[in-house]
Amino acid sequence: MEQVKLTLSWRIGLPQWETDTEFEKLLALLREHRSVVDEVALFETITHHFYIPLETYAPRMELAAKRLDAFRRAGIRSAGINVLCTIGHLNEAWSYMPPLPAQAIVGHDGSVSTGCVCPNTPEMRTYVRAKYELVARARPDFIWVDDDIRMHHHGVTWGCFCPTCLALFAQRSGRAYTREELVKAFDVPDQGRVRELWVEQNIASIESLMAECREAIRRVDPRIGIGLMTAGAEWTTYSGQAFDRWFAALGATKARPGGGFYDDATPIGMFGKALSCGRQRALLPPSVRDVQYELENFPYQRLKKSATAVVDECSLALAYGLNGVAFNMLGMTADCEDSLPWVRAIPVARPAWERWVTNAAGLPVVGLWPAWSSRLMARRAVRPGESWLGWAPPHHNIGVPNVLGEIGLPLAAEQSGCGVVLCGRIAEIYSDDELKGMLAGGVLMDTTALEVLAERGLGHLTGVRLAQRLDNGLRERFSNDALNGRAANEVRDARIEFWGDAKGMGDVLEPIAGGVRVLTTIEDYFSKPRGPGMTAFENELGGRVVVMGYAPWMFLQSVRKRLQLQNVADWISRDAMPVRVEEPVRLVPVARMSADRKRGAVMLLNAGMDPVTEATVHLRMEAGPVRVQAIGRRGSHLPAAPEAGGIRITLRDMEPWGIRMVFVGGAEGRS
Ligand SMILES: [Zn+2]
């Protein structure tokens with residue numbers, strides 16, 4: 001197996017390298033932390049504005065060449081340039097930056113960006129070619145293309161509806177639309193082809209821009225490594241997220257998945273970001289081997305985020321299959337006073353991270369798969385009265401089932417043989433055959449997904465239909481079905497009216513086949529039953545389907561709801577779920593396991609403010625030597641007791657927001 005290396009990379013702000021004084025201070029800082037500096041990347045501008053005149057840019061790149069040489073003399077193995085703006089990120093400093101030299105991005109509503117340009121005009125391409133050639137002439141080991149490579153959120157929400165783009169779309173679709181006509185067509189239910197073609201145009205616009213960047217770089221030096229920074233599908237899939245095509249067009253072998261986790265006010269947000277980065281990693285072509293997590297502390301104020309959070313979020317990202325970290329935390333001056341506590345935490349974490357990356361290499365992430373696709377926006381249905389470009393349609397939010405991970409059910413970024421979670425209207429984007437394939441395995445779904453399946457004529461595979469939609473004064477009572485175990489007769493009350501529209505929160509189900517098991521009954525506040533609220537059914541394809549009609553995605557944190565959902569996950573996956581923590585503690589697991597379950601690496605985060613004094617962890621894998629590793633400590637051997645379906649270990653004294661890595665089998669387990 002090819003050795004997979006951990007890469008720790010540092011992104012350096014322009015003010016930190018532009019003057020000799022600042023640069024000397026920066027070098028001193030990097031030398032002091034040499035053990036965690038594998039790579040550095042120079043930001044080449046300070047604003048997120050597209051345009052810097054080339055006569056300003058050329059001497060800056062000459063200086064960059066000198067700085068890169070200085071890094072190499074300091075023993076840093078890889079030094080490159082991070083091109084912050086290719087299209088421009090947003091409207092910033094527009095009132096005094098030079099005016100845009102090419103067509104600005106035009107929004108669907110006719111608004112015009114003041115900082116970002118359309119990627120399709122010849123003027124833009126000429127400038128971008130010249131700019132990337134100048135970057136390549138600075139002899140960088142690599143060039144990062146930053147994550148302004150998207151067609152959304154460039155100061156205007158949805159781009160680009162400029163005359164050039166509308167003309168391109170006329171060619172693509174065979175019909176000329178004005179901007180207004182096109183936006184109107186997007187909202188017509190049967191105009192799915194127009195929506196799909198528009199997303200295809202977004203993909204193709206970026207693809208050809210990436211090819212242009214690649215050619216400009218390659219013309220100067222074909223050996224320069226190229227990387228592309230990406231954003232998550234949770235934000236939107238408007239741009240199409242065709243990483244296979246974009247990375248190929250750019251010739252990129254480096255990736256930096258990213259997303260927003262800027263502060264630790266809501267620390268569990270780090271889990272959502274790590275999972276998002278895992279999803280982005282899942283889209284990468286296999287030729288991309290260097291996958292660096294975006295550690296993002298912008299705009300670099302110390303009290304926004306603790307060093308513990310920094311280490312935890314990087315650890316979780318490595319758990320989800322990334323093998324490096326690109327730190328954006330050094331701020332804007334080389335004194336770095338705000339950043340020092342974060343920087344100093346990294347050497348402490350490095351040995352554990354190395355161990356994780358080495359031992360988890362090649363092991364897939366295993367767990368329930370909340371279904372999603374980069375084609376979500378392209379393929380989703382638009383119903384009468386809906387707006388395709390309306391902001392954040394709640395039923396198309398792929399992050400909603402993340403709560404299952406937060407209560408301890410291991411989640412995967414791609415299908416892993418443990419069952420699928422169908423949330424909201426995401427099921428719309430799959431073909432009947434794809435849905436049948438899912439329903440032949442394990443599926444956990446809500447009633448909105450049930451409606452989609454019923455419309456497709458697949459409702460019988462769930463064993464139930466949506467009988468009645470209630471929206472006030474309801475709770476659910478657990479039955480004495482074996483899947484509820486000691487949670488039988490539990491009452492779960494989500495107070496559904498308190499959180500806005502309660503539609504979909506009190507959906508009564510009706511069995512339409514024999515053998516449907518009722519797991520909960522919806523009742524009113526005087527214990528009067530209204531009908532089944534959660535059901536389990538084994539269908540004719542051999543699939544096991546659980547439908548949740550009562551408050552499916554909120555307030556799942558009770559001890560007994562968690563127990564029920566653990567049992568349900570084990571049942572739908574036929575005991576393939578890789579890890580289960582017995583005690584009701586806030587341990588968030590991410591599991592990597594070989595297909596034969598002989599080798600595994602499981603990371604557990606204590607996502608709570610209390611220590612976990614004892615946790616019984618069931619690992620569904622073959623018995624083998626077990627080692628446990630914490631950040632900043634020596635690893636130790638751990639006894640494992642064989643049990644039905646796997647082994648059992650006990651973790652003790654996990655500090656709040658502490659991490660444990662558990663290695664089973666393989667070289668690390670034995671060592
Ligand atoms: Zn345009």
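Note that the structure is predicted; figures quoted are calculated from it, not measured. These values consider heavy atoms only, across backbone and side chains, with no hydrogens, waters or symmetry-generated copies. Note that ligands are numbered from 1 as they come in the structure, with each ligand's atoms numbered from 1 the same way.
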| said: Under the rule for ring pair (Phe, Tyr, Trp, His ring centres under 6.0 Å), what residues qualify as partners of F261, not counting sequence neighbours? | reply: none
| message | The criterion is ring pair (Phe, Tyr, Trp, His ring centres under 6.0 Å); which residues satisfy it with F271, sequence neighbours excluded? | response | none
| query | By residue and atom, what protein N/O/S atoms are less than 2.8 Å from the Zn ion (ligand 1)? | reply | C118 SG, C160 SG, C162 SG, C165 SG
| said: Pairing donors with acceptors under 3.5 angstrom, does anything connect the side chains of Y132 and E215? | reply: no
| With Y430, which residues qualify under ring pair (Phe, Tyr, Trp, His ring centres under 6.0 Å), at least two apart? | none
| said: Strictly below 4.0 Å, N to O, side chains only: are E386 and R425 in salt-bridge contact? | reply: yes
| With a 4.0 Å cut-off, would you call E296 and R256 a salt bridge? | no
